[in-house]
2 protein chains.
Amino acid sequence: MAQKPSRAPSMRDVAQLAGVSAQTVSRVLSDHPNVQPDTRQAVREAARSLGYRRNATARALVTGRSNMIGVITLSTSSYSRMTLIVGIEREAAARGYSVTFVSITDLSARSLEEGLSRLVAQGVDGIITAIPLQGSSAEVESLLNEVPSVAIDSPLPAGQQVAAFDQVHAARLAVEHLIERGHTNIWHVAGPQDWVESDARITGWRDALESAGLQVPPEIYGDWSAASGYRAGLILGRMPDVTAVFVASDEMAFGLIKAVTELGRAVPEDISVVGIDDIELAPYCTPPLTTVRQPLEEIGRHAVQQLDSELGEHAQGGSRNQTRLITPELIVRSSTSTR
Amino acid sequence: MAQKPSRAPSMRDVAQLAGVSAQTVSRVLSDHPNVQPDTRQAVREAARSLGYRRNATARALVTGRSNMIGVITLSTSSYSRMTLIVGIEREAAARGYSVTFVSITDLSARSLEEGLSRLVAQGVDGIITAIPLQGSSAEVESLLNEVPSVAIDSPLPAGQQVAAFDQVHAARLAVEHLIERGHTNIWHVAGPQDWVESDARITGWRDALESAGLQVPPEIYGDWSAASGYRAGLILGRMPDVTAVFVASDEMAFGLIKAVTELGRAVPEDISVVGIDDIELAPYCTPPLTTVRQPLEEIGRHAVQQLDSELGEHAQGGSRNQTRLITPELIVRSSTSTR
DNA sequence: CCATAGGTTGTTATCGATAACAAGCGATCC
DNA sequence: GGATCGCTTGTTATCGATAACAACCTATGG
């Protein structure tokens with residue numbers, strides 16, 4: 001049944017069938033204004049009857065625009081990454097872009113280079129870097145110079161646009177909430193060392209404590225995983241004077257709560273816990289997790305919007321460096337109690 | 001500082017600098033065997049000094065291969081989707097493909113068509129459909145005929161390859177575990193109605209019960225979300241003779257456990273619960289969740305492998321319809337007890 | 001009634017690479 | 001020593017579209 005079509009129909013075929021030139025077909029398909037209605041009609045019909053589909057590759061070659069945007073991200077399979085990517089994809093689709101996706105395993109400059117160059121080689125019009133790395137390399141900078149880009153999370157060097165979430169503020173919200181409830185000994189389980197998010201959240205936590213005149217204990221580093229939160233919990237649960245912990249991600253908070261509970265300390269009666277993210281399962285934690293929501297899908301959309309407008313200006317050459325910060329929101333559930 | 005390069009260097013530029021023809025440059029860059037070592041060397045140097053990068057668009061146009069594979073998936077930001085996509089991306093990268101990603105919001109034939117045609121228009125070499133829909137439309141079939149494709153989850157009609165996980169077996173494993181522990185009244189919270197996964201898991205559950213000579217209660221439908229699991233829990237928790245529930249996803253299991261616990265029924269003492277997926281948080285559920293692991297990253301990799309080999313054969317025209325089933329594994333934690 | 005303007009359509013060149021063919025050249029073989 | 005072989009390199013055509021220019025035709029105005 002499936003007859004093998006020797007070749008997909010080209011513009012020439014459509015033109016021939018409609019009795020016009022290829023150029024006219026092109027005009028019709030691009031909605032140029034100056035085409036006679038009947039011609040337009042005829043071309044449309046011919047195209048439909050042949051099942052014609054415009055060849056994006058050829059267009060890209062001649063126009064210099066591929067209408068693809070590249071996304072590079074860490075390959076952690078976390079909720080947050082996925083939500084971000086879905087946000088990006090939606091907005092991109094709405095604006096007529098398709099999304100090419102590259103994930104890297106580690107944060108080394110090597111693999112960052114490798115990933116970026118895959119995207120550039122693929123001919124994307126712009127790149128969204130959803131990578132939380134701090135430093136970078138000359139090679140990376142030069143790659144990012146070849147193509148307009150927007151950074152999520154990380155303030156990468158080149159005069160780039162940034163679509164971000166106010167991490168410091170988020171952390172401050174969480175900690176202030178604990179302070180309001182009367183806690184004075186508030187610990188922090190942070191993300192891994194070289195992540196900007198980790199730093200920002202540490203900063204927010206520290207700021208909040210200091211402005212309240214409270215003592216700042218040492219932070220404990222995790223790696224975003226629930227398992228690392230569990231390990232932190234095994235430590236903190238053994239310290240009797242710890243009554244509150246601000247955890248840098250919901251997933252780590254799950255682990256921490258499990259650990260301290262196993263050690264016989266009740267949450268929130270003995271220890272209050274606040275997370276960050278508001279993952280889908282946060283309300284179903286035992287107890288339901290108080291957390292700061294990150295509107296990730298929105299962040300993804302913003303990133304695409306900025307990239308799109310940057311691509312628009314690109315022709316003209318305007319290049320201001322605006323940053324759009326998104327405001328976090330505290331979600332109070334039951335993992336925090338008044339002291 | 002950032003000088004605007006009027007145009008990226010082309011093969012011609014490299015050729016000129018190296019004092020050879022464009023074709024020779026092409027040969028060097030494609031690692032053709034018959035090139036004199038010094039020529040090769042000279043070309044390589046010229047390319048490096050110009051910062052030359054091969055234009056994938058032009059290559060794609062002339063070779064007819066874009067080295068892009070398309071992935072279409074539902075835009076649920078679940079853990080599993082992300083894991084799958086990461087698996088796909090890794091394997092694709094390893095085989096020299098880049099991945100273009102389209103997510104759709106609903107399972108209507110309309111949006112499926114829309115998404116697929118975006119991919120086809122973009123010129124992908126092959127498509128991985130990670131969409132759990134049962135039915136489809138003529139238009140969809142015709143789109144899938146234009147391009148080789150592999151289905152994950154769903155047995156889409158066209159003589160497609162399928163990379164799948166043995167859902168029926170997985171469900172059976174879960175239920176048999178409960179039966180072994182002495183349970184006789186085992187309920188099921190299923191996924192949404194028109195998903196193949198839901199059906200397969202229902203089938204497995206039913207099979208296991210029937211072969212044990214047990215009664216089959218009516219299934220309760222959820223939508224994979226923790227919230228829907230919670231609702232199911234509010235129902236099942238009120239039925240005193242229910243001692244075991246097999247839940248079609250870990251996320252729903254989290255919700256269910258929360259609900260029945262709130263109703264005063266202890267897990268696993270009063271009610272045993274088994275999920276499916278083994279999400280990262282499963283061990284940190286209260287109590288730690290017994291579940292059946294889905295090796296999603298592996299499934300993603302398999303899908304790419306099959307697609308790649310299909311793309312290879314495509315030239316020759318072989319087209320058998322092999323299916324690779326991946327075996328599930330039961331992970332016993334503490335949410336199930338002996339009756 | 002001719003000149004000009006503007007709408008409509010066609011022609012040609014081009015984007016950046018590769019495939020297919022052609023040519024040059026030294027070595028091997030009889 | 002001449003013919004053939006095989007390695008190396010260059011030439012030309014092509015992929016499928018669009019940009020830029022050219023040509024034609026129909027109104028409109030003087």
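Hydrogens, waters and symmetry mates play no part in the numbers below; they use all other heavy atoms, side chains included.
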Under 4.0 Å, counting only non-hydrogen atoms across every strand here, what does [X] touch: a base, just sugar-phosphate, or nothing?
X: A/Val25; result: nothing
X: A/Ser21; result: base
X: A/Gln23; result: base
X: A/Val35; result: sugar-phosphate

Check this for me, if you would: do B/Arg81 and B/Glu297 make a salt bridge, where the nitrogen-to-carboxylate-oxygen distance has to be below 4.0 angstrom?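 Result for this pair is no, no salt bridge flagged.
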
Got a sec, which residues hit side-chain hydrogen bond (donor to acceptor under 3.5 Å, both in side chains) with B/Arg44, two or more places apart in sequence or on another chain?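 side-chain hydrogen bond (donor to acceptor under 3.5 Å, both in side chains) list for B/Arg44, sorted by chain: B/Asp31.
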
Checking B/Glu139 now: which residues fulfil side-chain hydrogen bond (donor to acceptor under 3.5 Å, both in side chains) with it, not counting sequence neighbours?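 By the side-chain hydrogen bond (donor to acceptor under 3.5 Å, both in side chains) rule, B/Glu139 matches no residue at all.
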
Where along nucleotides 22-28 of chain C does protein come under 4.0 Å, by heavy atom, of base (B) or sugar-phosphate alone (S), with - for untouched nucleotides? -------

Is there a donor-acceptor pair closer than 3.5 Å between any side-chain N or O of [X] and the backbone N or O of [Y]?
X: B/Asn67; Y: B/Tyr97; value: no
X: A/Glu89; Y: B/Ser103; value: yes
X: A/Thr63; Y: A/Arg59; value: yes

First and last nucleotide of DNA chain D in contact with chain A, 5' to 3', at under 4.0 Å to a heavy atom: what are they?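 Taking any atom under 4.0 Å from a heavy atom of chain A, the span is D/dG16 to D/dA20.
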
Within a radius of less than 6.0 Å around CZ of B/Arg65, do more than 12 heavy atoms belonging to other residues, nucleotides or ligands occur?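 Yes.
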
Suppose we screen for salt bridge (Lys or Arg N to Asp or Glu O under 4.0 Å). Which residues come up paired with B/Arg54, at least two apart in sequence or across chains?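 B/Arg54: no salt bridge (Lys or Arg N to Asp or Glu O under 4.0 Å) contacts found.
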
Closest nucleotide of DNA chain D for B/Asn34 versus for A/Pro9: which of these residues is on the 5' side?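 With B/Asn34 and A/Pro9 compared, the 5'-side residue is B/Asn34.
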
What distance do B/Ile88 atom CD1 and B/His302 atom NE2 have between them, rounded to the nearest 0.5 Å?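 With rounding to 0.5 Å, CD1 (B/Ile88) is 12.5 Å from NE2 (B/His302).
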
Separation between OG1 of A/Thr105 and CD of A/Glu114, rounded to the nearest 0.5 Å: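 So the OG1 of A/Thr105 and the CD of A/Glu114 are separated by 9.0 Å.
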
Nucleic acid contacts of residues 50-65 of chain A, taken as heavy-atom distances under 4.0 Å to DNA chain C: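 The stretch gives A/Leu61, A/Val62 as the residues lying under 4.0 Å from the strand, ordered by number.
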
Please determine, by modelled atom types, if B/Thr100 and B/Gln122 share a side-chain donor-acceptor pair under 3.5 angstrom.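 Note: B/Thr100 and B/Gln122 side chains miss the donor-acceptor criterion.
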
